[in-house]
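The block underneath contains the structure these notes are about, expressed in structure tokens.
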Amino acid sequence: MQLEFYKYQGTGNDFVMIDNRSNTFPKENTQLVAHLCDRRFGIGADGLILLDTDATSDFRMVYYNSDGNLSSMCGNGGRCLVAFAKKLNVIQNETTFMATDGLHHATVGADGIVSLQMIDVAEIKNTQDYSFLNTGSPHHVQIVEDLKHFNVKENGAAIRYGNLYGQAGSNINFVKKIDETTFSLRTYERGVEDETLACGTGATAVAIAMNATGQTNSNEINLNVEGGKLAVSFDKVNEKYTNVFLKGPAEFVFKGTIEI
Ligand SMILES: N[C@@H](CCC[C@H](N)C(=O)O)C(=O)O
């Protein structure tokens, strides 16, 4: 059988996109999803996303990590899915769609920049060494001195599989402050089990954690990721973060078919 797919990337976080409004994709086939995401034997991507129909919103996002397993929210994937929905004429420049963590509002600017509303964040664990919070996916946030030369894969895996996060694990972000409103980050992603070029829920977690720990007083934060630049803004009322928006490019790369 021939499967039609579209490839998208958001600051280098890349995804196989499938229009599944006909509900024909074999959703339980973990091996197939892992194969499609394989960079040598398949199409290659950090994750695969189905655009499904939804009864109460414009569409539903179904997200798999590259290991083939369904997972929690993907910020860059969500932004890319909005661009994909626009390409398919499912939406115009504004949408509300359903994901695993609930409804998301998003807009597409004239420049193609996608701004995606993320979940509110009220609970943040702050320790001397790190912060932990859930921005739709779980994130460990830790400041390191020499981010450029830091071994993200080795150190990220050690924390992800260490005592802190048990069976569920976590995504692990390493951060360096550049100035009052700018931070650089590199992320080890759970389910990819490697460093990716960007992580949207990770960038969101870093922005909020840096504000919560007093590294910045700003509510508009620029994030340098390995694959480009993202921006996160929010309101903070009584230690709760609301109106959280993740903003950045979401680009179509190519379209094709693959025999499955
Ligand atoms: N790349 C994503 C994060 C995807 C989810 C993560 N790998 C997990 O399983 O927790 C993003 O842009 O947010």
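Read the numbers this way: they start at 1 and go in the same order the structure lists the ligands and their atoms.
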So is Y63 polar-close to ligand 1, meaning N/O to N/O under 3.5 Å?
no
Proximity to ligand 1 by part of S137, non-hydrogen separation under 4.0 Å:
side chain
Considering only non-hydrogen protein atoms, determine which one is nearest to atom 7 (N) of ligand 1 and report residue, atom name and distance to 0.1 Å.
R190 O, 2.7 Å
For ligand 1, which atoms sit closer than 4.0 Å to a heavy atom of G75?
11 (C), 12 (O), 13 (O)
Using the six-membered ring of F252, assess whether NZ or CZ of K87 lies under 6.0 Å from its centre and within 45 degrees of the ring axis.
yes
At under 4.0 Å between heavy atoms, is it the side chain or the backbone of T201 that contacts ligand 1, or both, or neither?
both
Note: C199, heavy atoms under 4.0 Å from ligand 1, region reported as both
Using 0.5 Å steps for rounding, measure from the CG atom of N134 to the NZ atom of K125.
14.0 Å
For ligand 1, which atoms sit closer than 4.0 Å to a heavy atom of M73?
4 (C), 5 (C)
Enumerate the atoms of ligand 1 whose separation from the nearest heavy atom of S72 is less than 4.0 angstrom.
10 (O)
Pair T216, E180: side-chain N/O donor-acceptor within cut-off below 3.5 Å
yes
Can you tell me if Q31 has over 12 outside heavy atoms packed within less than 6.0 Å of its CD?
no
Which residue and atom name correspond to the protein heavy atom nearest atom 6 (C) of ligand 1, and how close is it?
N171 OD1, 3.4 Å
Note the single closest protein heavy atom to atom 12 (O) of ligand 1, along with its residue, its atom name and the distance in Å.
G200 N, 2.6 Å
Under 3.5 Å, N or O to N or O, is G191 touching ligand 1 that way?
no
Output yes when the distance from some N or O of ligand 1 to some N or O of G202 is under 3.5 Å, and no in every other case.
no
Checking side-chain polar atoms at under 3.5 Å, does S66 have a donor or acceptor matched by the opposite partner on R39?
no
Is any side-chain heavy atom of M73 less than 4.5 Å from a side-chain heavy atom of H104?
yes
Counting only heavy atoms not in K240 (residues, nucleotides, ligands), do more than 12 fall under 6.0 Å from its NZ?
no
Measuring centre to centre across the rings, with the benzene-like ring taken for any Trp, is Y165 within less than 6.0 Å of F132?
yes
Interfacing atoms of ligand 1 (cut-off 4.0 Å, heavy-atom, N76)
11 (C), 12 (O)
Determine whether D52 and R60 satisfy the following criterion, salt bridge (charged side-chain N to carboxylate O under 4.0 Å, His left out), listing intermediate values before the conclusion.
CA-CA 5 Å; D52 272 15; R60 174 179 287 267; 5.9 Å; no
Quick one: nearest non-hydrogen protein atom to atom 2 (C) of ligand 1, plus distance?
C74 SG, 3.0 Å
